[in-house]
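This report refers to the structure that appears directly beneath it.
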There are 2 protein chains.
Amino acid sequence: MKYSISEVAQKLNLTVYTLRYYDKEGLMPFVERTPNGTRLFKESDIDALKVIECLKSTGMPIKEIKKFIDWCSDGDSTLQQRYDMFLERKAAVEAQVEELKQTMKLIDHKCEYYKTALKAGTENIHKDNKIGNI
Amino acid sequence: MKYSISEVAQKLNLTVYTLRYYDKEGLMPFVERTPNGTRLFKESDIDALKVIECLKSTGMPIKEIKKFIDWCSDGDSTLQQRYDMFLERKAAVEAQVEELKQTMKLIDHKCEYYKTALKAGTENIHKDNKIGNI
DNA sequence: ATAAACCCTATAGTTAACTCTAGGTCAAGC
DNA sequence: GCTTGACCTAGAGTTAACTATAGGGTTTAT
């Protein structure tokens, strides 16, 4: 089964603009074309795009992702780099989770703060109070 | 105890450029000035900046954060909005954690993929194999 | 008293990641 | 055979969040 660019955009919740932009940035050298130039995506291309989206969601910039794609094209000689990169990404995600935990702490605290303030009708109950001072 | 802009920058791991930019965007209307215009940060200003950093790390854009700061200036009449906003942020962070879990799944999978490929010396062992096809 | 090290504003420049427009090709349906 | 709609490229425009520069004012140490 092959897919057009708009089908892939829909599947991955991206725009066709974005997909063409990724292609221009060298993130999709594997996508085939019809004789007249129209992109034809196969299943494995969509899987690769999912990996790209995954890397993006770790905060990796597109230029770094391109490096990875280039390594993939280079074959087995780059296995170590690619492994190292994923280990690095794992660490990055773990750090993000840790940061979100801290963020959540403060947010929960603020939720409590406003809940009690609302009940009292005023923020003043938190003046000089432990809950107001983080 | 009062702090200069560069001290605050150091404390919060931001640049003075960033702090002045935040001020220009209306995120710090509470910071006092000396007669000649130099900013003087007090402890509570730093706490407020920590809340701003917290909101930023939930992915909230600066214009939205400004709305919150404005609500703070408006006093008790905006307690409900502020409470709702933090509930919304809580949901946003929970969604981010959920997404990171999915991301981590794929990354762990890829770590395994490359680990075994490295051991074998080639990616080919994953051709037509469950581990290669996500 | 003068240079270094801060501070300030206003404004210009940068970067990443899109997002859109203009101008064109091509296949399908009426 | 012509219109409609999906595709294409090249390149311009946008947006957010900084980041830097120019030009100028204080305070501090020698």
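So that the names make sense, note that chain A is the first sequence line, chain B the second, and so on, each numbered from 1. All values reported here derive from a predicted model rather than from experimental measurement.
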Distance under 6.0 Å and angle within 45° of ring axis: B:Lys24 vs B:Tyr21: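 No, a cation-pi geometry is absent between B:Lys24 and B:Tyr21.
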Let me confirm one number: the [atom1]-[atom2] distance from [X] to [Y], rounded to the nearest 0.5 Å.
X: A:Leu106; Y: A:Met104; atom1: CG; atom2: CE; result: 11.5 Å
X: A:Thr58; Y: A:Arg89; atom1: OG1; atom2: CZ; result: 4.0 Å
X: B:Asp74; Y: B:Phe68; atom1: CG; atom2: CZ; result: 11.5 Å
X: B:Phe86; Y: A:Glu112; atom1: CZ; atom2: CD; result: 12.5 Å
X: A:Leu87; Y: B:Lys115; atom1: CG; atom2: NZ; result: 8.5 Å

B:Tyr114 versus A:Gln80, side-chain donor and acceptor atoms under 3.5 Å: no
Selection: residues 23-42 of chain B, any non-hydrogen atom under 4.0 Å of DNA chain D: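 Heavy-atom contacts with DNA chain D come from B:Asn36.
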Nucleic acid contacts - residues 10-19 of chain B versus DNA chain D, non-hydrogen atoms under 4.0 Å: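 Within residues 10-19 of chain B, the residues near DNA chain D are B:Tyr17, B:Thr18.
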Examine [N]: is either OP1 or OP2 under 4.0 Å from a nitrogen or oxygen in the side chain of [X]? Give yes or no.
X: A:Arg20; N: D:dC8; value: yes
X: A:Ser6; N: D:dC7; value: yes
X: A:Lys56; N: C:dA16; value: no

Evaluation steps, salt bridge (charged side-chain N to carboxylate O under 4.0 Å, His left out), between B:Glu64 and B:Lys67: CA-CA 5 Å; B:Glu64 291 288 308; B:Lys67 257 194 233 165; 3.4 Å; yes
Which nucleotide in D:dA17, D:dA6, D:dT9 has an atom nearest any side-chain atom of B:Tyr21: D:dA17
Contacting residues from residues 59-69 of chain B, given that a heavy atom lies under 4.0 angstrom of DNA chain C: none
Main-chain N/O of B:Thr18 paired with B:Thr15 side-chain donor or acceptor, under 3.5 Å: yes
salt_bridge(A:Arg20, A:Asp23) N-O dist < 4.0 Å: no
